Amino acid sequence: MGKLFDIILLALHSLSVHLVRSALTMLGIVFGVCSVTAMLAIQTGASKESQEKLSVLGSNNVIMNSIEPAQETTRDGGGHHGMSMKKFGITYKDLKCIVENVPGVLDYATVHNVKVRYYCPEDRNRLSLVMGVTPNYADILNLRISSGRFISAVDMLHMKPYCVITQTLARTAFKCLNPVGRTLKLKGQPFEIIGVIDYIPSKLGISEEDIPVFIPKTTKEGKFGQVNVNWYDGKMTSEDVQVDQLILKMKDESTVLTGAPVVRSIMEKNHDKLEYAIMIPLKLIQAKAAQQRIWDMIFFAIASISLIVGGIGIMNIMLASVTERTREIGVRRALGAKKRDIIIQFLFEAMTMTTLGGLIGVIIGYFVPPLLKDVVNVTPIVSVPMLIGPFLMAVAVGVISGLYPARRAAALDPIEALRHE
Amino acid sequence: MKPVIHLESVTKTYHVGVGVTALDNVDLVVPEGQYLAIMGSSGSGKSTMLNLLGCLDRPSLGKYYLGGDDVSTLTDNQLSEIRNTRLGFVFQSFNLIPWMTVTQNIEMPLFYKGVHRRQRRMKSAELGEMVGLGDRLEHRPPQLSGGQMQRVAIARALSNDPMVLLADEPTGNLDTQTGEEIMGVFADLNQRGRTILMVTHEPPIAAHADRVISLRDGRVESDVSDYYLRDESHG
Ligand SMILES: Nc1ncnc2c1ncn2[C@@H]1O[C@H](COP(=O)(O)OP(=O)(O)OP(=O)(O)O)[C@@H](O)[C@H]1O
Ligand SMILES: [Mg+2]
């Protein structure tokens, strides 16, 4: 035991004598480990972020959107001169059928859109997507309210002129993060801002570009009517969509999977044109997770290559070192070193470089990913296994890349080694 | 006197294409405390014999008894142990490890014997002192002269208190005067009872020994004890 310790000290001593060479050799492992850790951290961060964005949609939800059918024919539209009426999309009849026939529907929210110009002193006159929603909308979609509150049942009942806007709009239109209490004019009518939500989940079918503004459903109908009338190119068009978006909240994930086909068959029975889209976030989440696992493996493999390259570097240096120190090996053998002693010495030199390199790599790997936050546009997440894993890999690389040169050293014939120039 | 070394019909053949018989049926008995010089022309088998005696190699045929034990059929590990505990080596080109200090070089046999660090330091300091390098213990070999390096090597060879001190041309890389100094150290050691086997091709160096054997084509050609050769070489 004492001797083993002595040989280990000897290996350290020999490394310290060739400090520059040892440090340069170690560098390969440092970079390898640190890139494995950084890649894992960035990958995990990206993965968590996209999972979070998706889970906002709710794994228990089924989301249905009305879409304009491909041909310009209308379902039930009479046209006066110069005016065309488009009538399509999800209807209240569909909603009633679904709620009555699909098992496991706990709750639902409906959305009724209208596009109007909004006005505020700082950012006048742009087109905004006003969404009349039911109060449970924010809950069902797990929207995060960053300040103020969402529309309540009372607001709905009294058709209050209240609105909820996004952070993006708060920044661009009001140049502040908390414009609660201020007034936004929608088609000339004043609405009081009562809350701000973090962001709109991208998969919902609307984007921040649309400038969504949420108002109570009843207010929307009262102030803007159910039929949306637009002037375009001197022609008036109107759209009559009963429900623009329907969000079903199911009991659990298994009722999502059993209920979705029932919803689809009801819709197929009620509509002969494709004027609706059904989206199941759970399936998206599952697909995303599967895709994520593949990416994880690819990233890990790429990062591991740098470790392997580092290992080859170590093996190369150790082989050169064995040749260079052939005579030293001969002397040690002549004076009583066993093959095992020589193996331990050289193996330990390799392992010290990789272990130390791994340690430094892990330390850098712990501190560097957060600095990359702005470069890669995600918040990297560093966890303990992410540090221990690459470190153990580095130690293993040391064993693997050190063993061959060490065995070569031990296998040298003492007489020939002593004669070596 | 009890023999320290006993070679019994030892033959060493190398097989490189055709077989080369480097040692041919050699018998040798070396009693304890003897100072033996091995001479012979180049290629006569001196180094081969010393390597065998030093347990760096095994005879192809015959027996080798070291301190009464048959060491001709030991395993590699066992040979390492024998070298470590019973033999001391002094080489022509010193063979010190350049990046280690004088003390660390001297203590190397004890290092592989598993002797505790503190005891090793004491022993190596004592031996360094003995060969006259008490003030150079923390120096490294490249900072020493040839004679000083050979003294370090001698101290190293003695650190495990070996049965036999083996030296292959110990003065080969030194000038005559330094060589004589080293021979003085050898004589001193022999005086105190150390058995010494030395390969040399210089008669004045061999003249320091009690007994001189000459090899020729792997055979012992002559075996002369004491003063005769010395008288002749001194004229
Ligand atoms: N490893 C080997 N393989 C093949 N032949 C060898 C080997 N070592 C020695 N020999 C041969 O054995 C013979 C004796 O060699 P050895 O080295 O013992 O001579 P030496 O007396 O030490 O010579 P020198 O005075 O030149 O050192 C020589 O013919 C040599 O070529
Ligand atoms: Mg020779």
Side-chain angles (χ1 to χ4, degrees), chain A residues 1-23 317 320-346 348-349 352 406-421, chain B residues 12 14 22 47-48 50-52 54-58 75-101 104-121 140-141 152-153 156-160 162 166 168:
Chain A
M1 213 42 227
K3 185 166 150 193
L4 179 66
F5 184 70
D6 280 341
I7 294 176
I8 289 169
L9 283 182
L10 175 71
L12 292 179
H13 182 193
S14 139
L15 286 177
S16 73
V17 167
H18 306 103
L19 201 59
V20 174
R21 188 175 72 183
S22 313
I317 293 291
S321 170
V322 167
T323 308
E324 186 187 302
R325 290 158 70 188
T326 298
R327 214 185 245 252
E328 172 187 334
I329 295 160
V331 175
R332 290 182 184 282
R333 293 281 280 130
L335 299 187
K338 295 181 177 152
K339 283 186 173 167
R340 192 199 325 141
D341 299 331
I342 301 293
I343 290 185
I344 293 170
Q345 181 187 346
F346 280 85
F348 208 82
E349 281 188 21
T352 303
R407 291 178 73 106
R408 270 233 327 218
L412 288 172
D413 174 40
I415 297 169
E416 270 168 39
L418 278 168
R419 260 206 303 254
H420 187 88
E421 279 314 314
Chain B
K12 181 70 191 178
Y14 291 109
S47 294
T48 304
L50 206 71
N51 288 340
L52 276 176
C55 290
L56 288 164
D57 210 346
R58 275 170 291 228
T75 63
D76 192 84
N77 264 353
Q78 289 168 323
L79 286 179
S80 290
E81 254 178 72
I82 295 286
R83 292 196 296 270
N84 187 235
T85 52
R86 299 188 183 183
L87 300 169
F89 290 89
V90 176
F91 305 94
Q92 177 176 353
S93 47
F94 324 130
N95 278 337
L96 300 177
I97 292 176
W99 51 270
M100 302 205 316
T101 62
Q104 287 166 338
N105 269 288
I106 294 176
E107 69 180 20
M108 209 192 302
L110 300 177
F111 178 96
Y112 286 109
K113 201 173 173 180
V115 173
H116 193 270
R117 189 183 179 76
R118 208 171 306 125
Q119 283 167 272
R120 286 194 326 242
R121 281 291 125 92
R140 284 171 215 283
V152 174
R156 179 177 69 184
L158 294 174
S159 67
N160 58 348
L166 300 160
D168 195 348

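Just so it is clear, the structure is predicted and the values come from calculations on it, not from any experiment.
In this structure, chain B has heavy atoms under 4.5 Å from both the backbone and the side chain of Ile7(A). Residue Glu416(A): no heavy atom, backbone or side chain, is found under 4.5 Å from chain B. Interface residue Ile97(B): only side-chain heavy atoms are found under 4.5 Å from chain A. Only the side chain of Gln104(B) comes within contact range of chain A, with heavy atoms under 4.5 Å apart. Neither the backbone nor the side chain of Arg86(B) has a heavy atom closer than 4.5 Å to any heavy atom of chain A.
Across every non-hydrogen atom of Ser93(B) and Arg327(A), the tightest pair is OG-NH1, 3.0 Å. Considering every non-hydrogen atom in both Asp6(A) and Val115(B), the closest pair reads OD2-O, 4.2 Å. Across Phe89(B) and Ala334(A), no two heavy atoms sit closer than the pair CE1-O, 3.3 Å.
Of the options Arg340(A), Arg333(A), Lys339(A), a side chain to side chain contact (heavy atoms under 4.5 Å, CB included) to Ser80(B) is made by Arg333(A) and by none of the others.
Counting heavy-atom pairs closer than 4.5 Å to chain A, the top-ranked of the candidates Asn84(B), Leu96(B), Asn160(B) is Asn84(B).
Here the CZ atom belonging to Phe91(B) is positioned 4.5 Å from the CG atom belonging to Leu418(A), to the nearest 0.5 angstrom. The line from CG of Asp57(B) to CG of Asp413(A) is 7.0 Å long, rounded to the nearest 0.5 Å. Summarising the geometry, atom CG belonging to Leu50(B) is positioned 10.0 Å from atom CD1 belonging to Ile415(A); distances are rounded to the nearest 0.5 Å.
When side chains are defined from C-beta on, Trp99(B) counts as touching Arg325(A), because their heavy atoms get closer than 4.5 Å.
In this structure, His116(B) has no ring-ring contact (aromatic ring centres under 6.0 Å, His included) partners at least two apart in sequence or on a different chain.
In this structure, the side chain of Lys3(A) does not engage the main chain of Lys113(B) through any donor-acceptor pair within 3.5 Å.
Within a 6.0 Å sphere centred on CZ of Arg21(A), other residues, nucleotides and ligands contribute more than 12 heavy atoms. At most 12 heavy atoms of other shown residues, nucleotides or ligands fall within 6.0 angstrom of atom CZ in Arg407(A).
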